Amino acid sequence: QVKLLQSGAALVKPGASVKMSCKASGYTFTDYWVSWVKQSHGKSLEWIGEIYPNSGATNFNEKFKGKATLTVDKSTSTAYMELSRLTSEDSAIYYCTRSGATEGIAHYWGQGVMVTVSS
Amino acid sequence: DIQMTQSPASLSASLGETVTIECRASEDIYNGLAWYQQKPGKSPQLLIYNANSLHTGVPSRFSGSGSGTQYSLKINSLQSEDVASYFCQQYYDYPTFGGGTKLELK
């Protein structure tokens, strides 16, 4: 069965960067887009961007260009997201998701990574 | 950006009742709409895609409808396990989500 296992919670200082991982299993990693979604505390969801593991092609929400960097390691079926120049506004839960046949639909979700930005 | 306006923001209903949640897009999204359910402390889960297609394993009491800019999610015969937040999402353009509806039991 499809699983997306994300890395653990992170406590980071303002101005620093954080890199989180999303290890995929149960399917051919290179066949589906992996997206990242932000959920600020008690609020709705924001799509950050997506990466196609086979080619490394990416698409981003304009709001997160320059903030988020998406990469993959095909050898370990793992997707990564790095967030830079962190502020308190970046404190949130971040989910990785996998599309289905249609790009943009989050058929599968990781368990989420809570990022807390605090000095 | 395509803006998604979801209503109501919160909803209280009784067991067995039928519940409807609405979502309006700022422009035509040509049925590129999904609904997700998020239970407290859990990740969202896909319920409906392409406006009216039920995702695998989702109970048939959930249904989606709509077209153009207006879409809705209906839950027939509300069960206790349906207590959750519900989000719509359009994927006609780069994905954007509605503000969510928190469903509680009366």
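On a predicted model such as this, the values are computed, not experimentally measured, just so you know. So that the names make sense, note that chain A is the first sequence line, chain B the second, and so on, each numbered from 1.
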Turns out that what part of B:Q6 lies under 4.5 Å from chain A's heavy atoms comes down to neither
A:E89 CD: over 12 foreign heavy atoms closer than 6.0 Å = no
Please determine, among B:G98, B:P95, B:A34, the option with the most heavy-atom pairs under 4.5 Å with chain A.
-> B:P95
Which heavy atom in B:S43 sits nearest to a heavy atom in A:W109, and how many Å separate them?
-> CB-CB, 4.0 Å
NZ/B:K102: more than 12 non-hydrogen atoms of other groups inside 6.0 Å | no
Quick check: does any side chain N or O of B:Y94 sit under 3.5 Å from a backbone N or O of A:N59, one acting as donor and the other as acceptor?
-> no
Which value, rounded to the nearest 0.5 Å, describes the distance between A:W47 atom CH2 and B:Q90 atom CD?
-> 10.0 Å
Following the transitive rule for hydrophobic clusters with a side-chain heavy-atom cut-off under 4.5 Å over Ile, Leu, Val, Met, Phe, Trp and Tyr, establish whether B:F62 and A:I105 coincide in one cluster.
-> no
Below 4.5 Å, heavy atoms only, C-beta onward: do A:Y95 and B:P44 meet side chain to side chain?
-> yes
Region of A:T102 in contact with chain B, defined by heavy-atom distances below 4.5 Å | side chain
At a heavy-atom separation under 4.5 Å, does A:Q39 approach chain B through its side chain, its backbone, both, or neither?
-> side chain
Can A:F64 be reached from A:V117 by stepping across I, L, V, M, F, W or Y side chains whose heavy atoms are under 4.5 Å apart?
-> yes
If two hydrophobic side chains count as joined below 4.5 Å and joins carry through other members, does A:Y52 share a cluster with A:Y27?
-> no
Heavy-atom distance under 4.5 Å to chain B: side chain of A:N61, backbone, both or neither?
-> both
Note: B:F97 and A:S44 closest approach over all heavy atoms is CB-OG, 3.9 Å
Indicate, with yes or no, if B:F87 and B:L47 share a hydrophobic cluster defined by side-chain heavy-atom contacts under 4.5 Å among Ile, Leu, Val, Met, Phe, Trp and Tyr.
-> no
Hydrophobic cluster membership, B:I29 vs B:L46, 4.5 Å side-chain cutoff | no
When heavy-atom pairs shorter than 4.5 Å are enumerated against chain B, which of A:G100, A:S35, A:A106 gives the highest number?
-> A:A106
Identify which part of B:Y92 has an atom lying under 4.5 Å from any heavy atom of chain A, answering side chain, backbone, both or neither.
-> neither
